[in-house]
2 protein chains.
Amino acid sequence: MTEDTADGGQCPTPERFTQARAAQSMAVLEDYAEMIDDLAQELGEARITDIAARMGVTHPTATKAVARLKREGLAVSRPYRGVFLTEQGAALAARVRMRHRVVVDLLVAVGVPQETAEIDAEGLEHHVSDVTLKAFETFLARR
Amino acid sequence: MTEDTADGGQCPTPERFTQARAAQSMAVLEDYAEMIDDLAQELGEARITDIAARMGVTHPTATKAVARLKREGLAVSRPYRGVFLTEQGAALAARVRMRHRVVVDLLVAVGVPQETAEIDAEGLEHHVSDVTLKAFETFLARR
DNA sequence: ACAGAAATGTAGCCAAGGCTATAAATCAAG
DNA sequence: CTTGATTTATAGCCTTGGCTACATTTCTGT
């Protein structure tokens, strides 16, 4: 028995919300890391302007996000130059991209239209735990 | 062809992020509305202290959230008294609860352990569009 | 009825993630 | 090489959602 509230999971515990909030605080970092990785592959480097345009924000917002990435050791950059991911940042981007792909595939597999799957996955992916991701992969492999 | 970027959906559009951010701004409202509804059913009314405890936050944080609910016309309350959902708030709570249940069921159906499904659903549910929700229901009905 | 406990309100701080406006640096032509 | 366009930085503001600390109100038990 993993339930100690004896309600079959109907009463959300505070921890669930705490966990969801923690996941959310990672979401922006993940999105930017992936985007920087995308741009690096496509254009050789990620410029603030391009990052901002693709994220749908203004450039000061992108600058702030990059500042946070740098603080967290996920990216490096010099003034008026492009942004580059650290090894750690690149690893995060790789994990995020993989997870995104699995989530989209799972959604499509259960009948969600491709375009809707892509849109929803952008929000969903940050809340998919490792256990759930594994389950998705297993499900996809079995059909 | 719904794709105008000709990359098969590999390049996220700014709109996707904008949409994900919009969904996120509704998340707190949804969680609190559902929680207030839970407490109203269980205890007859939702007190700030109980809301805070269940959401895993301090009471001033809960007070602020309730203030926002009131501003949005989803709840009403008088000083030092319980919080009650408006008709609109109750409708939101009902939708949220239904969506939560479907998401959990879908996760379990594809092989996610019940407890993990409950935890992940808390974050996931806010990003499930109507189209995706419909697809989930259809998938669940077919098996 | 009143004192202490519990609940609620309020003020003020912080970080994050938006924004606009303005300044400074870089780049690209002519 | 200089000028104008583009890019980047910076300052400052807003909202949200956390928090602590403190004031006030309500509730409870003797």
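Residue numbers begin at 1 in each chain, while the letters A, B, ... track the order of the sequences.
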Using whole Å, report how far [atom1] of [X] lies from [atom2] of [N].
{"X": "A:E45", "N": "C:dT26", "atom1": "CD", "atom2": "P", "answer": "14 Å"}
{"X": "A:F17", "N": "D:dG18", "atom1": "CZ", "atom2": "P", "answer": "11 Å"}
{"X": "A:R47", "N": "D:dT8", "atom1": "CZ", "atom2": "P", "answer": "4 Å"}
{"X": "B:D31", "N": "D:dG17", "atom1": "CG", "atom2": "P", "answer": "10 Å"}
{"X": "B:K70", "N": "D:dT16", "atom1": "NZ", "atom2": "C1'", "answer": "18 Å"}
{"X": "A:R68", "N": "D:dA9", "atom1": "CZ", "atom2": "P", "answer": "19 Å"}
{"X": "B:L69", "N": "D:dT15", "atom1": "CG", "atom2": "P", "answer": "18 Å"}
{"X": "B:R78", "N": "D:dT25", "atom1": "CZ", "atom2": "C1'", "answer": "14 Å"}

Revision key, fill the gap. Of A:Q24 and B:T63, the one whose closest nucleotide on DNA chain C sits nearer the 5' end is B:T63

Point to revise | 5'-most by nearest nucleotide on DNA chain C - A:P60 or A:S25 | key: A:S25

Can a side chain N or O of [X] be found less than 4.0 Å away from OP1 or OP2 on [N]?
{"X": "A:T61", "N": "C:dC19", "answer": "yes"}
{"X": "A:R21", "N": "D:dG18", "answer": "yes"}
{"X": "B:T49", "N": "C:dT8", "answer": "yes"}
{"X": "A:R81", "N": "D:dT8", "answer": "no"}
{"X": "A:T58", "N": "C:dG18", "answer": "no"}

Closest nucleotide among [options] to the [X] side chain:
{"X": "A:R71", "options": "C:dA16, C:dT8, D:dT16", "result": "C:dA16"}
{"X": "B:Y80", "options": "C:dA24, D:dT26, C:dG18", "result": "D:dT26"}
{"X": "A:K64", "options": "C:dC13, D:dG12, C:dA24", "result": "D:dG12"}

Scan the side chains in residues 41-48 of chain A for donor-acceptor partners under 3.5 Å anywhere in the protein, sequence neighbours excluded, and list what turns up.
residue : atom : partner : partner atom : Å
A:E42   : OE1  : A:R54   : NH2          : 2.8
A:E42   : OE2  : A:R54   : NH1          : 3.1
A:E45   : OE2  : A:R47   : NH1          : 3.1
A:R47   : NH2  : A:Y80   : O            : 3.2

Point to revise | Criterion salt bridge (charged side-chain N to carboxylate O under 4.0 Å, His left out) on B:R101 and B:D105, from CA distance to verdict | key: CA-CA 6 Å; B:R101 192 179 45 71; B:D105 288 352; 3.6 Å; yes

**Study point:** B:Y32 OH to B:E72 CD distance, which is reported to the nearest 0.5 Å
**Key:** 14.5 Å

Review point. A:R99 and A:E30: salt bridge (charged side-chain N to carboxylate O under 4.0 Å, His left out), yes or no, with the steps?
Key: CA-CA 11 Å; A:R99 198 178 49 184; A:E30 292 176 347; 2.8 Å; yes

Point to revise | No-hydrogen, no-angle side-chain donor-acceptor test under 3.5 Å, A:H127 and B:E125 | key: no

Check your understanding: Is A:H59 stacked on the base of D:dT7, with ring centres under 5.5 Å apart and planes under 30° apart?
Key -> no

